[in-house]
Every structure is written in C-alpha cells, then in structure tokens.
Peer 1: 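Got a structure for you, questions after.
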Amino acid sequence: MTPEASVQFDANGRLRHFLTTEGIGRDTLIEILDVAGSFISVGERRIKKVPLLHGKTVVNLFFEPSTRTRTTFEIAAKRLSADVINMNATRLSTTKGESVLDTVKTLEAMHTDMFVVRDKASGTAHLIAEHAPRNVSIINAGDGRHAHPTQAMLDMFTIRQRKGAFEPLAVAITGDILHSRVARSQIHALRQLGVSDLRLIGPATLLPTEIEKLGVRTFFNMDEGVEGADVLIMLRLQTERMDGQLLPGPEEYFRYYGLTERRLKRARPDAIVMHPGPMNRGLEIASSVADGPQSVILAQVTNGIAVRMAIMAKLLGEAGREGQQ
Ligand code: CP
C-alpha cells in the first residue's frame with residue numbers, strides 16, 4: 001500500500017482520513033455508497049437536516065478554485081448539522097508567507113474536527129493528515145494531478161444508481177488522463193468494485209506510460225474505444241497542468257476525441273454520459289450530448305452531496321443511520 005493509502009487508517013484499521021481511493025477495500029466503498037443512498041432522501045425533505053455532526057466543526061480549506069466540490073462539501077456538512085467555515089486562498093495567511101501546516105495548526109487550535117483540503121500541489125492533504133492530531137480527520141478535495149477521491153465516489157454512486165452491478169459494465173474514460181486526478185481515483189475505485197472492461201481513450205501525449213499495469217486497456221482511436229460501452233466518462237483538458245504543447249489545437253482535439261452524437265451512437269443505446277466538470281463544451285463534449293437524454297452530469301452534482309455526507313459521517317465515527325429515518 002502507498003504511504004497515502006496507509007495513512008488513511010488508524011492503528012485499528014478504521015478509516016480516519018479520506019485521501020485516495022487506492023487501498024480502500026470493496027466493502028468500505030460499498031458501505032459508503034449504501035450510506036450515501038440513505039442520505040439522498042435528506043435532500044428531498046422540507047427540512048434538509050440530520051443531527052449527525054451537530055457540534056462538530058468543519059473547515060473547507062481551498063487553495064485552488066472550485067465550484068462543485070467546495071459548495072457540495074459545504075451543503076453536505078450543513079445537512080449533517082456541522083458548523084462550517086470556508087477558507088479560500090485569497091483569505092488565508094499563506095498569502096503572507098505562513099506555511100500550510102502553520103495555517104492548519106492555527107485552525108486546529110480552534111478545535112476543528114475536520115479539514116476538507118484542495119490544493120494545486122499533489123500531496124498537500126496527505127502532508128496535513130500526517131501531522132494531524134488523532135481526533136482530526138482530513139478529506140482530500142483534489143490535490144494536483146494525484147487524487148480526487150470524493151469525486152470518484154460520487155461517480156461510482158451515479159454509475160450504480162443508473163446501471164446496477166459494476167461487474168458486467170464496460171466503462172470508457174476519455175481525454176486528458178495524464179493530468180487527471182479524477183481518472184486516477186476512478187480507476188482504483190472501478191477496479192476495486194469489479195469493473196472488468198475498463199478503457200482509457202486519448203492521444204498518446206495524454207495517456208500515462210505503463211497505465212495498462214492498472215488493469216486497463218488504452219485506445220488512441222475514440223470510435224473503437226467507445227464501441228459497446230455502458231458508461232462514457234469525459235474529462236476536461238487540464239491546460240493549467242500541461243508543460244508545453246501536448247495537443248495540435250482545440251478543433252483537431254474535438255474532431256478526434258470530442259464526444260459527439262455520432263460517436264455516442266457507437267456505445268450501447270442505454271449508455272450514460274458523465275463529466276466531473278467543469279466542462280468545455282465544443283472541446284471535449286458537444287452541447288447536444290452534454291444536455292442530451294443520456295447525460296447524467298447534473299445528477300453527478302446532486303449525488304455529490306449525499307456521497308460527501310456519507311464520507312464525513314464515516315470519518316467522524318457515525319454510522320449514518322439517521323439518513324434512513
Ligand atoms: N469536479 C470538480 O472538482 O469540480 P470543481 O473544480 O468545480 O470543484
């Protein structure tokens with residue numbers, strides 16, 4: 001197990017932090033999905049609140065921009081009745097030279113129970129977890145190109161919600177795999193949950209070398225890669241993480257790797273289309289597909305609240321039974 005994967009567990013093997021989907025067993029992944037399922041109804045009630053984390057303090061520590069993740073974490077914590085503080089890079093003393101660890105220690109001195117951390121550098125959440133006191137939990141809300149485990153879990157939830165069992169599915173992930181923390185976390189989770197036909201599609205410059213070791217098949221030709229697939233996951237071109245020119249140009253990228261209605265017809269007729277967002281219409285996905293009947297992109301966002309509630313409840317030691325009331 002990698003250092004990131006092992007630091008997630010306490011001496012008794014209990015999940016204490018959520019930093020990566022790597023090393024988390026199938027039973028724990030399924031338990032999170034089941035508890036998230038019980039929380040879906042909370043969002044549909046007149047009073048959208050359960051008291052599970054009443055009296056707990058959660059700090060959202062975002063050093064990198066976010067719309068979906070930051071907002072759904074805030075809503076999730078509030079639905080669990082926690083007190084939530086939102087900190088973003090422009091409001092933090094790290095802009096005055098304070099180290100991230102000193103910022104976190106300062107916030108810990110205010111009896112924070114959980115930090116939700118996003119940073120453009122890989123490893124920030126892991127570093128904070130390594131230095132956290134025993135009673136503080138860390139959730140990785142995306143670190144560089146390394147991992148985005150709660151995004152992967154909400155994607156797993158959405159796949160199971162629409163498709164049922166994982167084992168018979170053909171799942172195709174298309175685009176900038178090389179720079180994608182989402183793809184990395186999805187691959188570990190999909191493999192652990194038993195998906196046998198896992199395909200990565202993209203230009204050679206955006207597919208990591210030796211990625212096949214993770215039990216995936218790679219395709220440079222998108223038409224071949226999407227053939228008969230049940231789930232199509234599109235990824236954003238992460239130009240902010242690219243060193244140098246890795247692509248000929250946006251029009252050419254869309255021609256070869258954009259998901260169009262014509263390409264979608266090559267997948268199974270009941271295939272679902274996913275995208276973690278933010279998406280670039282006309283670059284990785286056509287608007288008619290993003291807004292079409294097979295798209296579950298907005299359902300992913302909605303499901304993110306219940307999934308993040310389940311993960312927070314698990315880390316802070318609650319069973320999540322309240323969601324079933
Ligand atoms: N999927 C995702 O992480 O989106 P945000 O950057 O908006 O949080």
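Every number for a ligand or one of its atoms is a count from 1 in the order of the listing.
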Peer 1: Between Arg118 and His148, does the side chain to side chain donor-acceptor pair (under 3.5 Å) criterion hold? Intermediate values first, please.
Peer 2: CA-CA 9 Å; Arg118 167 171 290 195; His148 195 349; 3.2 Å; yes
Peer 1: If the cut-off is 4.0 Å to any non-hydrogen atom of Thr67, which atoms of ligand 1 fall inside it?
Peer 2: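 It comes down to these atoms of ligand 1: 5 (P), 7 (O), 8 (O).
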Peer 1: For atom 1 (N) of ligand 1, which protein heavy atom lies nearest, and how many Å away is it?
Peer 2: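 Atom 1 (N) of ligand 1 sits closest to the protein heavy atom Pro276 O, 2.9 Å.
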Peer 1: Which atoms of ligand 1 are found less than 4.0 Å from any heavy atom of Thr69?
Peer 2: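 Listed by number with element, the hits are 2 (C), 3 (O), 4 (O), 5 (P), 8 (O).
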Peer 1: N/O of His148 under 3.5 Å from N/O of ligand 1, yes or no?
Peer 2: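 It does: an N or O of His148 is found under 3.5 Å from an N or O of ligand 1.
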Peer 1: Out of curiosity, is Gly277 lining ligand 1, as in a heavy atom under 4.0 Å away?
Peer 2: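 Within the 4.0 Å threshold, so yes.
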Peer 1: Quick test of your reading of the structure: of Arg68, Arg181, Gln300, whose heavy atom lies closest to atom 4 (O) of ligand 1?
Peer 2: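 The nearest heavy atom belongs to Arg68.
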Peer 1: Among protein heavy atoms, which lies nearest atom 6 (O) of ligand 1, and at what distance?
Peer 2: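 Its nearest protein heavy-atom neighbour is Arg118 NH1, 2.9 Å.
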Peer 1: Please determine if Asp155 and Arg160 form a salt bridge, counting it only when a charged side-chain N lies under 4.0 Å from a carboxylate O.
Peer 2: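 Here Asp155 does not pair with Arg160 in a salt bridge, since their nearest N and O are not under 4.0 Å apart.
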Peer 1: Near Phe9 CZ, under 6.0 Å, is it more than 12 heavy atoms from other residues, nucleotides or ligands?
Peer 2: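 Correct, the count exceeds 12.
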Peer 1: So, regarding Pro278 and ligand 1 (criterion: nitrogen or oxygen to nitrogen or oxygen, under 3.5 Å), is there a contact or not?
Peer 2: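 No, Pro278 has no N/O under 3.5 Å of an N/O on ligand 1.
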Peer 1: Less than 4.0 angstrom from a charged side-chain N to a carboxylate O is my criterion; do Glu167 and Arg26 meet it?
Peer 2: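 Judged by the 4.0 Å cut-off on N to carboxylate O distance, Glu167 and Arg26 do form a salt bridge.
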Peer 1: Any salt bridge between Lys56 and Asp83, counting N to O under 4.0 Å?
Peer 2: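 No, Lys56 and Asp83 are not salt-bridged.
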Peer 1: Give a yes or no on whether a salt bridge exists between Glu64 and Lys120, defined as a side-chain N under 4.0 angstrom from a carboxylate O.
Peer 2: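 Salt bridge: no.
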